[in-house]
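Per chain, numbering begins at 1; letters A, B, ... match sequence-line order. These values consider heavy atoms only, across backbone and side chains, with no hydrogens, waters or symmetry-generated copies.
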Amino acid sequence: MSDRYIHKEIEAKWQASWEKQGLHDTVEAPDKPKWYALTMLPYTSGDLHTGHWYAMTPSDAAARFRRMNGYNVFFPIGFDAFGLPAENAAINNNIHPQEWTYKNVERMRGQLRRMGAMWAWDREAITCDPEYYKWSQWFFRKLYDMGLAYREYAPVDWCPNCNTTLAREQVWGADRHCERCDTPVIKKDLNQWKFRITNYANELLDNLETIDWPEPVKVMQTNWIGRSDGADVTFTTEADDPIEIFTTRPDTLWGATFMVLAPEHPLVAKITTDERRGAVAAYVEQASRLDEITRTAEDKEKTGVFTGGYAINPVNEERMPVWIADYVIMTYGTGAIMAVPGHDQRDFEFARKYELPIRLVVQPPSDSEAGHIRCADDLESAWPGPGVMINSGPLNGAPVGKGEGESVKAAIAWLEENQKGAGALNYRLRDWLISRQRMWGTPIPIIFCAKCGTVPVPYADLPVRLPDDAQFKPTGESPLNYHEGFRYVKCPNCNGDAERETDTMDTFMCSSWYQYAYVDPYHKAGRPLSADDMPWDSARGDYWLPVDQYTGGIEHAIMHLLYTRFFTKALQDMGVVDFDEPMLRLFNQGIILGPDGERMSKSRGNVVNPDEYVDRYGADTVRGYLMFIGPWDHGGPWDPSAIEGVNRFLHRVWSVVVDEPNPKNEEAPPPTDDDVRSLERKLHQTILKVTEDIGGFRFNTAIAALMEFNNYLIRVKNTFGALESRASRPTAQPIWQESIRTLLLLMTPIFPHISEELWQRARNVIERRNDARRSDPDGCPDTDGETWSVHLQSWPQADPEKAKEDEVTVVVQVNGRVRDKLNVASNIATEKLEAMALASANVQKWMNGKQVRKVIVVPDKLVNIVIG
RNA sequence: GGGUCGGUGGCGGAAUGGCAGACGCAGCGGACUUAAAAUCCGCCGGGUUGAUUACCCGUGUGGGUUCGAAUCCCACCCGACCUACCA
């Protein structure tokens, strides 16, 4: 055993020892409060990068902190294993995706072990294991039975590079590119499976209030769900065909002067007059092509074309021209709008361009910037703001707004009374498209039979296994199409010839329920399933669920976090769970950047390999450094030289605990009562600070407090004497030992290895001196049944009384400027403090005989004398 | 265009109404060493000053509230992220 801190000698040793002791094995202990700490599962890319360390090691520190605070903590790990990279690697290297994936899993397990985290390896789950995905299929089947999974022939977003469809959530940015490869997506008409997430739109929105999640995530989900409050109104064409519209401003119905349909609207063909047919067809053609190239195009210039047809405004029977324009889109609302150019900017621009009538129905308030507006001709742009209703029949005089007695409510009441429409909610959220035309995913358990139609695979026949020998040509069709043994099957109903669904599921399906799988991975392995099954052991589930603390990146704010919430709500309706939110608390860490301050990427050449640093400095240093950079939710650049500071700190801690003090100081006077009191105060102040900071994920300031405490211990080490000489200094000895033990306990969540090593060493020294039990020379725990691991110790408790300062420095200000400082006993009487401040020579100098107007005294902090 | 978060020494950051710059990095000076590394000690926002326990300036910009503002309010500038013809 070395007397110096050599991380290579201790980290692997303790990792092996903890595993041997079963320190991180999962036990459902009903007598203890449980804590389910979850960090987002890694994809099996084959390499754990710095971002993983940045996400996972603080999560581990928080979990360990909970454990030391008396919780039975579950901190599981697994692998998100299906998906495109495996398939692409397979195509490029002619290796089966499964082989590639499991090789990566093997490598990543090793890398994860080196973190020294308290992973519950006994509950590991890999999503591409048939015993895992059989439950993904079971969930699909359940959703199908509940009518929450359906197949639809409709235009979908298609990535021509990945050769697959994408969910709306996977299409990013104004240019609508693929989330994974940045290729602009195109539209295709395809038969695809979807989940009815929109059934839960309202619940997904309202329940956000019940969970402790970061505000930005809540805002993003709120915007994504996009609830609009308004009314459905039915217009009619002159041929008596209904045109349904949705509007958030039913109060402006009397200001509608024309209608606009999306080019794809089903009524376009019928309403178009013969003389307009050519122009309309050309525009529809142009719009659809635009759609396929780049739908957004910079020009905000509105375009459109008149159909020749007219519709009747139900509120005033006015005849209004019907146009088509691509600024109206089929996928929101009903694909048709009433145009109110006076009060909607888009309609205004369109009306001005095509010389359509504009009507003012809201009189802007006279004190607003539009106060001069008297008629539509005065408008330079639409007025969407407040005012009073005019030119609007029964609504005239109503104040504009959505409240009681205000215009929108009045309009809805009028519509409902006259049976022309009704109040309605509309959502931006679309159903979740889960079909993927790729091979490396969970097969969708559906069979198409010529006679029986769409037949779900019976529960007892699950899993539908991926064939081991499938080809994966990138053709744009599902590769499983080409596997005859997979594709052609007998119908489970009639035993006639049938074909399997050959699309696979979006991988977000696998990660939507993995937190449940961890509780009891591969439940019922090897046994047939039924509709009445529970997907995990219910006793275990009842104990651990739901997740208490989730940690992960903001990039999943919408996709994964919305899907898993939807899944949980569906599971609740299935009767599988009895709660409605999967994760009670969420923390989003920031992004660790390259040394150049840019996102790490191979092309930039700024990728930091954590393994190199773990080799050089050890896992404890890398963990501590990542937590010390700054607030965890800020992220920030990796500074290769700053990591030295944390490493030096660990060496200094080692030295404080292990090294003998300078023998020259043997003759130094023993510590005074004041020395003891100061050390005790510093100790309890540090406990308070570190406890509060780790509890709030403020690891950076927790580490700063630990450094400060250690610096203090270095300064007083010689005063408190050598280990051997402590015996001669009985008053000092207990507080010094308590300080060392407490420092190690406070360091444990963040620096698990060195804390354990020094904990054992400090214990050995104490025992040797007490001539008590001899401990195992390799530092392994005793075999007498008492567990000595530092990780099983209780978190130190601070005594606020002992943390209090006896003496404080009070700042004396004159007119807000510091002019003197007074060292006084804490809790000094206000009057006394004021008198002392006024008597100060420095203060007298600045008062210069002027009148004292006011004296502000903040106890134990400051006196401000206002003169003038 | 809309939304969210942010702007503090050479750098990462601390302080969220009460001494701005904790803790660390880098830098400078010194001790130890044949030398270097490591380690240890000291200095480290700017200015006035020989030096100060002395004074002034200083938290993106301008204004406000307050005895007192990095912190609260208003306006603006800059940056990051999200979102985008949503009727």
Given the P atoms of B:G58 and B:U71, what is the spacing between them in whole Å?
13 Å
Given the C1' atoms of B:C73 and B:A80, what is the spacing between them in whole Å?
25 Å
Taking only side-chain N and O atoms of A:Lys861, does any of them lie within less than 4.0 angstrom of OP1 or OP2 on B:G18?
no
Between B:A87, B:G24, B:G18, spot the one nearest the side chain of A:Phe628, thanks.
B:G24
Contact class for A:Ala704 (heavy atom, under 4.0 Å): base, sugar-phosphate, or nothing?
base
Would you indicate what A:Val866 reaches in the nucleic acid, counting non-hydrogen atoms under 4.0 angstrom: base, sugar-phosphate, or nothing?
sugar-phosphate
Test: salt bridge (charged side-chain N to carboxylate O under 4.0 Å, His left out). Region: residues 620-632 of chain A. Which pairs qualify, not counting sequence neighbours?
A:Asp60-A:Arg623
Tell me the interatomic distance from A:Ile643, atom CD1, to B:G13, atom C1', rounded to whole angstroms.
17 Å
In whole angstrom, give me the gap between the P atoms of B:C76 and B:C57.
30 Å
Syn if the chi torsion is within 90° of 0, anti otherwise; quick check, which is B:G45?
anti
If one requires at least 3 consecutive Watson-Crick or G-U pairs with distances under 3.5 Å, the stems of RNA chain B turn out to be B:1-7 with B:77-83, B:10-12 with B:23-25, B:27-31 with B:39-43, B:45-48 with B:54-57, B:60-64 with B:72-76
Expressed in whole Å, how much space separates the C1' atoms belonging to B:C55 and B:A70?
23 Å
Taking any heavy-atom pair under 4.0 Å as a contact, classify A:Asp347: base, sugar-phosphate, or nothing.
nothing
Could you work out the separation of B:G50 and B:C40 based on their P atoms and round it to a whole Å?
37 Å
Would you give me the side-chain donor-acceptor pairs under 3.5 Å for residues 586-596 of chain A, sequence neighbours excluded?
residue	atom	partner	partner atom	Å
A:Asn588	ND2	A:Gly552	O	3.1
A:Gln589	OE1	A:Gly552	N	3.3
A:Asp596	OD1	A:Glu598	N	3.1
A:Asp596	OD1	A:Asn606	ND2	2.9
A:Asp596	OD2	A:Asn606	ND2	3.4

Of the nucleotides B:A84, B:G24, B:A26, which has the atom closest to the A:Arg168 side chain?
B:A84
With no hydrogens and no angle check, is any side-chain donor or acceptor of A:Asp860 less than 3.5 Å from a backbone partner on A:Asn827?
yes
What's A:Arg227 touching, base or sugar-phosphate or nothing? Going by heavy atoms closer than 4.0 Å.
nothing
Given atom CD of A:Gln345 and atom P of B:C86, what is their separation to the nearest angstrom?
11 Å
Check: protein-nucleotides 36-47 of chain B nitrogen or oxygen pairs below 3.5 Å:
residue	atom	partner	partner atom	Å
B:C40	OP1	A:Arg652	NH1	3.3

Atom P, compared across B:C72 and B:G18: separation rounded to whole Å
11 Å
If we take the P atom in both B:G29 and B:C44, what is their distance in whole Å?
15 Å
Aromatic contact between A:Phe649 and A:Phe628, with the criterion being ring centroids under 6.0 Å apart: yes or no?
no
Under the 3.5 angstrom rule, does the side chain of A:Asn313 hit a backbone N or O of A:Leu253 as a donor-acceptor pair?
yes
Please give, in whole Å, the distance from B:C67 C1' to A:Asn815 CG?
8 Å
Of residues 211-222 of chain A, the positions that come close to RNA chain B - non-hydrogen atoms, cut-off under 4.0 Å:
A:Pro216, A:Val219, A:Met220
Check every strand shown and say whether A:Asn711 touches a base, only sugar-phosphate, or nothing at a heavy-atom separation below 4.0 Å.
sugar-phosphate
All N/O donor-acceptor pairs, side-chain side in residues 701-709 of chain A, below 3.5 Å, sequence neighbours left out:
residue	atom	partner	partner atom	Å
A:Thr701	OG1	A:Asp693	OD2	2.8
A:Thr701	OG1	A:Arg698	O	3.2
A:Glu708	OE2	A:Lys682	NZ	3.3

Just by distance, do the side chain of A:His343 and the backbone of A:Trp383 share a donor-acceptor pair under 3.5 Å?
yes
With no hydrogens and no angle check, just 3.5 Å: does a side-chain donor-acceptor pair link A:Trp213 and A:Gln221?
no
Taking atom P in both B:C77 and B:C28, compute the distance separating them and give it to the nearest angstrom.
42 Å
